[in-house]
Amino acid sequence: MVGASEAARMERLESQVENGGGGAWEYLCLVRKLKARRSNKVLKHGLSILNDHRARSKLGAEEWTLYEQVAFAAMDCQQHDVAKDCIAVLSKQFPGSIRIGRVEGMLLESKGAWAEAEKVYARLLDDSPLDQIIHKRKVAMAKAQGDLSAAVKFLNKYLEIFMADHDAWRELAEIYVSLQMYKQAAFCYEELILSQPTVPPYHLAYAEVLYTIGGLENLQTAKKYYASTVALTGGKNTRALYGVCSCSVAIRQLTKGRNKEEKEMSDLQTLAAEALQRDYKQRAPNKLPLLMSMLKNMKLNS
Amino acid sequence: MAEDLVLDTAIRDWVLVPLSVVMVLIGVLRYFVSKLMRSHQAPDLKVVKEGQVILRARNLRAASGFIPAKSFRSRKTYFTNEENGLLHVPKGQSQNAQAQMFSDPNLAMDMMKKNLSMIIPQTLTFAWVNFFFSGFVAAKIPFPLTQRFRGMLQNGIDLSTVDVSYVSSRSWYFLNLFGLRGLFSLILGEENAMDDTQRMMQMSGFGFDPSRSLSAEKDGIDIIQHDWALPKMEKRAEDALKKLLK
């Protein structure tokens with residue numbers, strides 16, 4: 001997870017390097033640590049370091065990490081020759097290494113040569129069947145080719161072994177949502193909430209999936225999860241506030257005639273509506289009329 | 001009799017300091033030798049999977065209050081089911097881990113190497129200390145001790161009237177043995193700060209028995225009562241909003 005202070009530092013370094021001040025190497029290290037995706041900048045500054053003999057020799061052993069980083073950036077910017085040169089230098093230094101083999105596979109991927117990349121990965125997996133990154137590359141390839149069901153199959157196989165990898169669960173949840181397989185997506189989000197219960201986006205996403213599936217019980221659960229998102233973010237998450245209101249409306253529609261639960265829930269809804277109004281007044285006052293009419297409709301529909 | 005013996009500063013210069021220096025050097029040497037001798041153990045699929053299962057089961061136990069009761073129940077059965085639950089280990093298999101440890105040649109070799117790299121320097125250093133540095137008082141412990149410690153701490157000193165606080169160099173050796181961890185963490189980096197106590201503990205607890213941890217997790221999950229935390233969250237959301245709107 002990117003910490004706010006480190007992200008700010010990276011932005012500062014980026015503007016500094018862009019405007020000709022020093023600090024390129026520090027910037028590249030920070031980008032690598034935070035796994036940010038700034039490929040064109042990394043490419044430009046990385047190449048300037050690598051092409052300069054003195055700067056390169058100053059790096060010592062880190063030179064090879066820089067080659068790898070620049071190779072990735074070049075692939076992202078579709079500069080295949082640059083990437084190929086970097087890989088050639090690396091494979092001369094480390095022949096037969098699995099890590100270099102991975103980079104080669106990624107180059108084939110970025111060129112669009114799916115079959116060859118698949119062959120390379122299959123060969124690497126024979127050597128080290130428990131390499132997590134290669135498994136994930138296979139999933140990424142399937143996804144890039146648009147074959148979502150194959151991606152799902154690969155991910156499931158991966159998760160059978162590495163079931164504590166929450167990034168993989170998140171990816172699987174998103175693919176399920178795009179395939180409209182909401183029940184499975186709900187399961188994945190539950191896994192995510194189990195592993196990281198205090199992270200609001202997972203509660204929010206789970207609530208949305210439940211709301212989409214529908215049905216009274218799911219709507220009530222969804223409302224609870226929207227509420228927990230509100231609690232975790234201190235009421236600042238607009239989407240959760242909207243979610244609370246929409247859930248209340250939907251529940252009220254489904255329970256027309258059974259009014260025992262109405263009185264308890266409406267407190268949360270009125271508070272959410274008020275918070276929304278205040279938020280819009282502060283940040284988007286010209287959209288306030290839209291909000292007011294929507295809220296009026298919701299109250300009228302009860 | 002509590003008379004104060006005056007100890008020659010030469011003792012400090014020629015006994016205490018060289019002994020510490022030698023032990024530090026031996027520790028560093030041992031670290032490098034172990035790095036050279038470490039054989040790369042390819043991770044076993046089954047072991048990795050079991051590790052991950054345990055992590056997932058632990059997450060389930062810790063955060064069970066955050067998911068609906070139905071999901072919790074289905075996960076509980078998934079893990080603890082008698083027939084094919086993930087955590088269920090059939091009786092016959094649980095005893096095999098120890099036997100497997102010994103029969104698998106790689107593991108046995110690794111253990112032997114670890115043991116050797118620990119026993120040999122210790123024995124040699126101890127013998128060296130005993131040979132060169134025995135028979136005189138080396139240091140004074142700042143706090144008083146009972147007479148029982150006499151045998152342990154005053155080994156070379158054959159006078160029974162000397163106060164137990166005056167110890168021989170053997171106790172200085174033991175002090176260094178147990179205490180150099182802080183120094184090693186400075187020199188060798190945080191993770192390699194293992195001094196001999198930890199190695200000894202590692203030696204004795206070598207049976208990484210996955211089946212035991214699996215059944216421990218299974219019992220843990222069986223016990224848990226599902227306490228759904230979400231209704232309380234609604235209340236907290238209301239309070240948060242009220243505070244926001246004030």
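This one's a predicted model, so the numbers in the text were calculated from it and none came from an experiment. Lettering follows sequence order; numbering is per chain, from 1. The basis for the numbers below is simple: all heavy atoms, side chains too, and nothing from hydrogens, waters or symmetry mates.
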Within the supplied structure, the quantity of interest is the number of heavy atoms (other residues, nucleotides, ligands) at a distance under 6.0 Å from [X] [atom1]; does it exceed 12?
X	atom1	value
A:Arg239	CZ	no
B:Lys242	NZ	yes
A:Arg32	CZ	yes
A:Glu217	CD	no
A:Ile133	CD1	no
B:Trp14	CH2	no

*Smallest separation among heavy atoms of B:Ala63 and A:Pro197, with atom names*: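 Residues B:Ala63 and A:Pro197, closest heavy atoms: CB-CG, 3.7 Å.
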Heavy atoms only: give me the nearest A:Tyr225-B:Ile67 pair and the separation to one decimal.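 Closest pair (atom of A:Tyr225, atom of B:Ile67, distance): OH-CA, 3.3 Å.
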Heavy-atom distance under 4.5 Å between the side chains of [X] and [Y], does that happen here?
X	Y	answer
A:Leu271	B:Leu244	no
A:Thr221	B:Trp228	yes
A:Ile161	B:Gln52	no

Relative to chain B, which segment of [X] carries a heavy atom at a distance below 4.5 Å: side chain, backbone, both, or neither?
X	answer
A:Tyr189	neither
A:Ala272	both
A:Tyr206	side chain

Quick one: CD on A:Gln269 to CD on B:Glu238, what's the gap to the nearest 0.5 Å?
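The distance works out to 11.5 Å.
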Note to self: I need the A:Trp169 CH2 to B:Arg56 CZ distance, nearest 0.5 Å.
What the structure shows: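 Interatomic distance, A:Trp169 CH2 to B:Arg56 CZ, rounded to 0.5 Å: 4.5 Å.
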Heavy-atom pairs under 4.5 Å with chain B: which of [options] has the most?
options	answer
A:Ala275, A:Ala240, A:Pro129	A:Ala275
A:Thr233, A:Leu232, A:Val230, A:Val244	A:Val230
A:Leu194, A:Ile193, A:Asp165	A:Leu194

(request) Please name all residues satisfying side-chain contact (heavy atoms from CB on, under 4.5 Å) with A:Arg99, sequence neighbours left out, ordered by chain then number. (result)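 Checked A:Arg99 against side-chain contact (heavy atoms from CB on, under 4.5 Å); matches are A:Thr65, A:Glu68, A:Ser97, A:Arg102.
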Report task. Indicate yes or no: does B:Arg75 engage A:Glu191 in a salt bridge with an N to O separation below 4.0 Å. Result ->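 Answer for the salt bridge query: yes.
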Do NZ/NE/NH1/NH2 and the carboxylate oxygens of A:Lys223 and B:Glu234 come within less than 4.0 Å?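 Answer for the salt bridge query: no.
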- Query: Using 30° and 60° as the class limits, which term best fits the ring planes of B:Phe66 and A:His203: parallel, tilted or perpendicular?
  - Reply: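 Perpendicular, since the angle between the ring planes exceeds 60°.
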task = Please determine, among B:Ser74, B:Ala240, B:Pro68, the option with the most heavy-atom pairs under 4.5 Å with chain A.
result =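 Heavy-atom pairs under 4.5 Å are most numerous for B:Pro68.
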